[in-house]
2 protein chains.
Amino acid sequence: MERVTLQTIADRVGVSRTTVSNAFSRPDQLNEELRRRILEVAGELGYPGPHPAARTLRRGRAGVIGVVFTETLSYAFADSYAVGFLRGLASVAEQSGTGVHLIGWPSPDLAEEVIGDAVVDGFCLFSPEGHPLVETVLRRRLPVVTVDYPYVEGVPFVGIEDRAAARRAAEHVLGLGHRRVAVLGVQPVVGRTNRDWLDLDRPGDLRFGAGRARLAGYRDACEDAGLEWKDVVLDRTANDRELARRAAARLLDADPRPTAVLAPTDEVAFAVLDVAAQRGIEVPRELSVIGFDDVPAAAPAGLTTVRQPITEKGTTAGRLLVEPPRGEAAPCVIMPTELVVRRTTAPPPDAGA
Amino acid sequence: MERVTLQTIADRVGVSRTTVSNAFSRPDQLNEELRRRILEVAGELGYPGPHPAARTLRRGRAGVIGVVFTETLSYAFADSYAVGFLRGLASVAEQSGTGVHLIGWPSPDLAEEVIGDAVVDGFCLFSPEGHPLVETVLRRRLPVVTVDYPYVEGVPFVGIEDRAAARRAAEHVLGLGHRRVAVLGVQPVVGRTNRDWLDLDRPGDLRFGAGRARLAGYRDACEDAGLEWKDVVLDRTANDRELARRAAARLLDADPRPTAVLAPTDEVAFAVLDVAAQRGIEVPRELSVIGFDDVPAAAPAGLTTVRQPITEKGTTAGRLLVEPPRGEAAPCVIMPTELVVRRTTAPPPDAGA
DNA sequence: CCCTAGTTCTGAATTGATTAAGAAGCGACC
DNA sequence: GGTCGCTTCTTAATCAATTCAGAACTAGGG
């Protein structure tokens, strides 16, 4: 069976290719009767409709935006924060008939290829930890929005003040009287050298993302409260429930046990709560836990956390891509955050002592 | 600034367009030294790389698969089942360097347009309720996999035996001694006429999906247990936590209150648990609740439910699209399900009476 | 010296549409 | 009758690449 194109139909009906094209794309340009006949013949021949790639090529518009993740897609879908963001972005995209093309990071070279081959009108870089493929994406010379990290001069940006927000979280816990505080740093899962990752004074590079910013915020608060940062129990893990559980176990099995854990994401906070429950440690009487993000599961779990407008971040990024701003000044949207006190934080057990 | 294409570079370097193309796509076809020079000039001119649409057009391959949902994308991301499925599908896609293009259903005509314009090599129809756009998708004459519903002759299919699985769920509850049983039917959110939706004997059309199949399974079990289906309290809602809460409230405020609720999705079961908690109804002592799907949140909540291999469904569908089967017989994959008894089902309070 | 093979590059055809410019036909108006 | 404008359709150019067949050149073997 031959391939059916506009030309095939044109020959059959005895009109020009242009007219057939118009029958599909600009009905006002031809006689209604003729149009019906063309569509009928198209149906008979099993014509699948105008070829999208050819159309895109000619029109110079794909009607799709690409979302590039720092981790594998499988991981992105396991993360409530990422899912919430996508939810927002997808909702504005689809309302304008724009598709969403997801691009993960299975391996550096594969991702590079996929980015180069993506038929899209713009990219959103969703990268809590700074994106190693920023360069690759920028090279496409399409509209781009970065979310969270990195901030690139001249590129629209959507994010929050991670450091300040984390500081407020820590202040809340310290304000309750906690002094034996533990912190869990999160770092990306996929392979990158993470040497010195916890050294907050090291100059920031692309990898200086939300994880380190939040750590820095915790440190700010601790030092203000007269705590030495080096006295704070510090461990690190990834934003993955299972891995985080292991790190949480290390913290909670320490002697003396910390009375409060600052978790830089809710996912990690949940892991701490899991392990505490396993150990029979009562929260918040014996242990305070605070998270970050306020994912949907946080409220039912009663988790004290820092709320950031997850879905709104998505809609904002989506809008910036669906209608890229024409002016010269790239918008830099900083979203508000809010401390949400629930039932996992309380004064330490020895508060009166 | 002029647009930079292969030709621009070719003219600058003084070679043919073909050679420049080879420099990017087939490095073995030209001298290493020349290639370096071409790439260098490309860099100077700010060439964004071979145009993906042109490439796709010529190659006849997009390297992307489309996933079409029955609901809005925003809804898809709110549903753990959909997210789990996507997780599986995305993981196999990205491992082969294949992109994932998401298509929601904001409005019938917009969706039709988006499907026609999607630059993809195949489609996955993800549709718990039978997809109204099956025809539109099939018209593209690309490889297709339908998931759950509908089953179309000659089109690869991935699903489970909803009816049989639901029957086993109901049998579990009835086996515990429950006789005042309530059922919550789920139906799609977006606008379609739902008249007669609960009439299970009406011949199945495209809309006859998981919701009705599960209901039918409940009925099978009830009738086997000597219960009249018309005596079973039946209400319907959507697979949305908030809407389901309202329906759950109606059920639980009834007098006499049912001792067991069969929820055809975990999401609905959670809503029932929420309302029960609000009312101070003790689960499972006063009320048994059983769900369906076994989404990740089910285990921590202790929800008794029917497990279906959500992520595996995704990987299976993904594989069928990344490497479409060449043979004539379209594969029809029926996945296994399993009753998972946890802590939300028990004998009814009046069991001894 | 000739023939073959291999490397490196070119020219032309091809992929499947959209679009701008223009031609033909026809009625209305002055 | 001329011309203006409208509808309807066509011609040719364009979008930006890939690919196939073949040309030019070099080197090696006989």
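Letters go in sequence order (proteins before strands), and every chain restarts at 1.
Sorted by first and then second residue, the pairs that involve residues 26-53 of chain A and meet ring pair (Phe, Tyr, Trp, His ring centres under 6.0 Å), not counting sequence neighbours, are A:F24-A:Y47.
In this structure, the side chain to side chain contact (heavy atoms under 4.5 Å, CB included) partners of B:V322, at least two apart in sequence or on a different chain, are B:V92, B:S96, B:T98. The side-chain hydrogen bond (donor to acceptor under 3.5 Å, both in side chains) search around B:D117 returns A:R55, not counting sequence neighbours. Residues passing the side-chain hydrogen bond (donor to acceptor under 3.5 Å, both in side chains) test with B:R139, sequence neighbours excluded: none. For A:Q7, the side-chain hydrogen bond (donor to acceptor under 3.5 Å, both in side chains) partners are A:D11, A:R17, not counting sequence neighbours. Scanning for side-chain hydrogen bond (donor to acceptor under 3.5 Å, both in side chains) contacts around A:T19 gives A:S16, with sequence neighbours left out.
For A:R12, the CZ atom is loosely surrounded, since the number of other residues' heavy atoms within 6.0 Å does not exceed 12.
Atom pair B:R61:CZ and C:dG16:P shows a separation of 17 Å (rounding to whole Å applied). To the nearest angstrom, C1' of D:dA16 lies 13 Å from CZ of B:F24. Counting to the nearest Å, the P atom of D:dC20 and the CZ atom of B:R59 are 12 Å from each other.
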*Contact state string [nucleotides 7-15 of chain C, B base, S sugar-phosphate only, - no protein heavy atom under 4.0 Å]*: -SSBBBBBB
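Close to D:dA16, at under 4.0 Å from its OP1 or OP2, lies no side-chain N or O of B:Y47.
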Table please: side-chain donor-acceptor pairs of residues 56-69 of chain A below 3.5 Å, with sequence neighbours left out.
from, atom 1, to, atom 2, distance (Å)
A:T56, OG1, A:P52, O, 2.8

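An angle of 50°, rounded to 10°, separates the two end axes of the helix from C:dC1-D:dG30 to C:dC30-D:dG1, each defined over five pairs.
When distances are taken from the side chain of A:R55 to each of D:dT18, D:dA16, C:dA17, the shortest belongs to C:dA17.
A:S25 comes within 4.0 angstrom of the backbone, heavy atoms only, and of no base.
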